[in-house]
Amino acid sequence: MVLWSLVLGALLVVIVGYVCLPGILRQRRPQEPPLDKGTVPWLGHAIAFRRNTFEFLKCMWTKHGDVFTVQLGGQYFTFVMDPLSFGPILKDAKRKLDFSQYARGLVLKVFGYRAINGNNQMIHSASTKHLMGNGLEDLNKVMLDSLSLIMLGPKGRSLDASCWREDGLFHFCYDILFKAGYLSLFGYTKDKEQDLLQAEELFTQFRKFDLLFPRFVYSLLGPREWLEVGRLQHLFYKMLSVKHNQEKDGISNWICYMLRFLREQGAAPDMQDKFNFVMLWASQGNTGPTSFWALFFLLKHPEAMRAVREEATQVLGKARLEAGQSFPFQLSALQCTPVLDSVMEETLRLRAAPALFRVVHEDYILKMASGKEYRLRHGDIVGLFPYLSVHMDPDIHPEPTAFKYNRFLNPNGTRKVDFHKAGKKIHHYTMPWGSGVSICPGRFLALSEIKLFVLLMVTYFDIELVDPDTPMPPVDPQRWGFGTIQPTHDVRFRYRLQPTE
Ligand code: HEM
Ligand SMILES: *[C@@H]1O[C@H](CO)[C@@H](O)[C@H](O)[C@H]1NC(C)=O
């Protein structure tokens, strides 16, 4: 008994020592950025970082300046906060910074998907073919049909459609965008009513996963939640399984292309199912929340709503929706909406907050715009959090927390692309999609579908907040770093189809 305790005790000491020692021994070397290991061995600043990434980084930035290294759960992260110095990191001409290594680990943990070789290139070539250019035009048509089906029902406008209904705006937007996006990308069966029911069920489960997601990524779930996440993962594998979906037609070329590639590379069927889950997450996790913020900002800023409606009337003409009809909508209108484009850019500036990470493959010299050079160590991670260092910089965007619908418009009404920091023109003046090798390959589709939805809402519907004085709901601090942030609670609104006379 005593012997066992001794052995166990010794083992524990060895393990703890092994885990914590590198942290305790690590010292800042010449030319390295300021090092902040935090007070807790191994964990370092992990708790503060996970609780509120935005506040934590703000605090470190004030304390250490534009570049600093922090310990987070046994890993060292160097954050670069000066956007004029992003260029070399994002271009990474010498290929010393690696995105896919970081992404692979995350995707395996969260979705159970073991990335094949060339995964990233496959996603990006599929997306260039099918989520941009002509491919995107085809998808826009499907998306319009899907939105009509979901918002009006299979029979088009019904007679009693112009009575007021009430809902949570966040739930309303997320539900519609999710179902439309899912059906457009993953396909329909012969039975549309059944498809709608299945999409509805998928959304209910997706939201459960969505709410657990940030703490799951950070391994902070309690035992019950952990079991729940496992259950949800298996449910998604099943609902999205390639076998189950063989009878579907109208699966998007985007998904088809990627699944064909996986089959050719010999990926097992269960890996293909898991891949579908990854793609469901990537394609549906941000568009709904972004649409919510866009509509909410419009509802809170009547001058912006007026400008968007005026532009919509200009490009779409006086819209009329007769009984039994689905939305008449000229898709080419999506190309001529500078005002709505500015509203979208402003919404994303205020609410899209991704963190970008790259693993340092070889010791690396970071050249700052100031001319200063820093050494970064092999095995560490470089992090960017453009929301704080770019989107909220008052030098680049005066009054950064205010919603200004025309912030991205020139006085002559064209798209504004000239932004400055410290008197220098800045290339990355917003980064809602990430940048460089990992830039979101779905960004054009995302913008089309959100714009389409917003245009339908402002053109064919009357919408208003139940309480016009509803304050801006606070954002959930756990979601900093994961894309579009979400409100901590929903906002009641009412809507109706505009009466026909
Ligand atoms: C408003 C909506 C969206 C936002 C804000 C958004 C943002 C992002 C961001 C920040 C990344 C990661 C960049 C990085 O890690 O450096 C990303 C990756 C990705 N996004 Fe989006 N996205 C949106 C919509 C979409 C849509 C509609 C699709 C597809 C139909 C899509 C497909 C993907 C894929 C496949 C990746 C992973 C790319 C890779 O592994 O290299 N996204 N997105
Ligand atoms: C509109 O204004 C911007 C800058 O204010 C300028 O660069 C652009 O050429 C102008 N475009 C037109 C069509 O006048």
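One-based numbering, in listed order, for ligands and for the atoms of each. Position 1 is the first residue of the sequence; numbering continues from there.
Proximity of F297 to M472: side-chain heavy atoms (C-beta onward) are separated by under 4.5 Å at one or more points. Taking the side chain as every heavy atom from C-beta outward, I251 and F186 never approach each other to under 4.5 Å. Between E310 and T313, the closest side-chain pair of non-hydrogen atoms is not below 4.5 Å.
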Exercise. Hey, mind stepping through Q486 and D210 against side-chain hydrogen bond (donor to acceptor under 3.5 Å, both in side chains) and telling me if it holds?
Worked result: CA-CA 10 Å; Q486 299 186 8; D210 190 19; 3.1 Å; yes

Exercise. Is there a side-chain hydrogen bond (donor to acceptor under 3.5 Å, both in side chains) between T470 and K300 once you walk through the steps?
Worked result: CA-CA 9 Å; T470 309; K300 289 300 279 185; 5.6 Å; no

Exercise. Is there a ring pair (Phe, Tyr, Trp, His ring centres under 6.0 Å) between F296 and F292 once you walk through the steps?
Worked result: CA-CA 6 Å; F296 185 71; F292 158 75; 5.8 Å; yes

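The aromatic rings of F209 and F213 lie tilted to each other, with the angle between the two planes from 30° to 60°.
The pair K274-D270 counts as a salt bridge, with a side-chain nitrogen and a carboxylate oxygen less than 4.0 angstrom apart.
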Tabulated below should be the N or O atoms of ligand 2 paired with protein N or O atoms at under 3.5 Å; can you produce that?
unit_1: ligand 2; atom_1: 2 (O); unit_2: N412; atom_2: OD1; d: 3.4
unit_1: ligand 2; atom_1: 2 (O); unit_2: N412; atom_2: ND2; d: 2.5
unit_1: ligand 2; atom_1: 11 (N); unit_2: N412; atom_2: ND2; d: 2.9
unit_1: ligand 2; atom_1: 14 (O); unit_2: N412; atom_2: ND2; d: 3.0

Pairwise, report which nitrogen or oxygen atoms of ligand 1 are under 3.5 angstrom from protein nitrogen or oxygen atoms, and how far apart they are.
unit_1: ligand 1; atom_1: 16 (O); unit_2: S438; atom_2: OG; d: 2.4
unit_1: ligand 1; atom_1: 41 (O); unit_2: N120; atom_2: ND2; d: 3.3
unit_1: ligand 1; atom_1: 41 (O); unit_2: H124; atom_2: NE2; d: 3.0
unit_1: ligand 1; atom_1: 42 (N); unit_2: A282; atom_2: O; d: 3.3

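Across every non-hydrogen atom of L139 and H130, the tightest pair is CD1-O, 3.7 Å.
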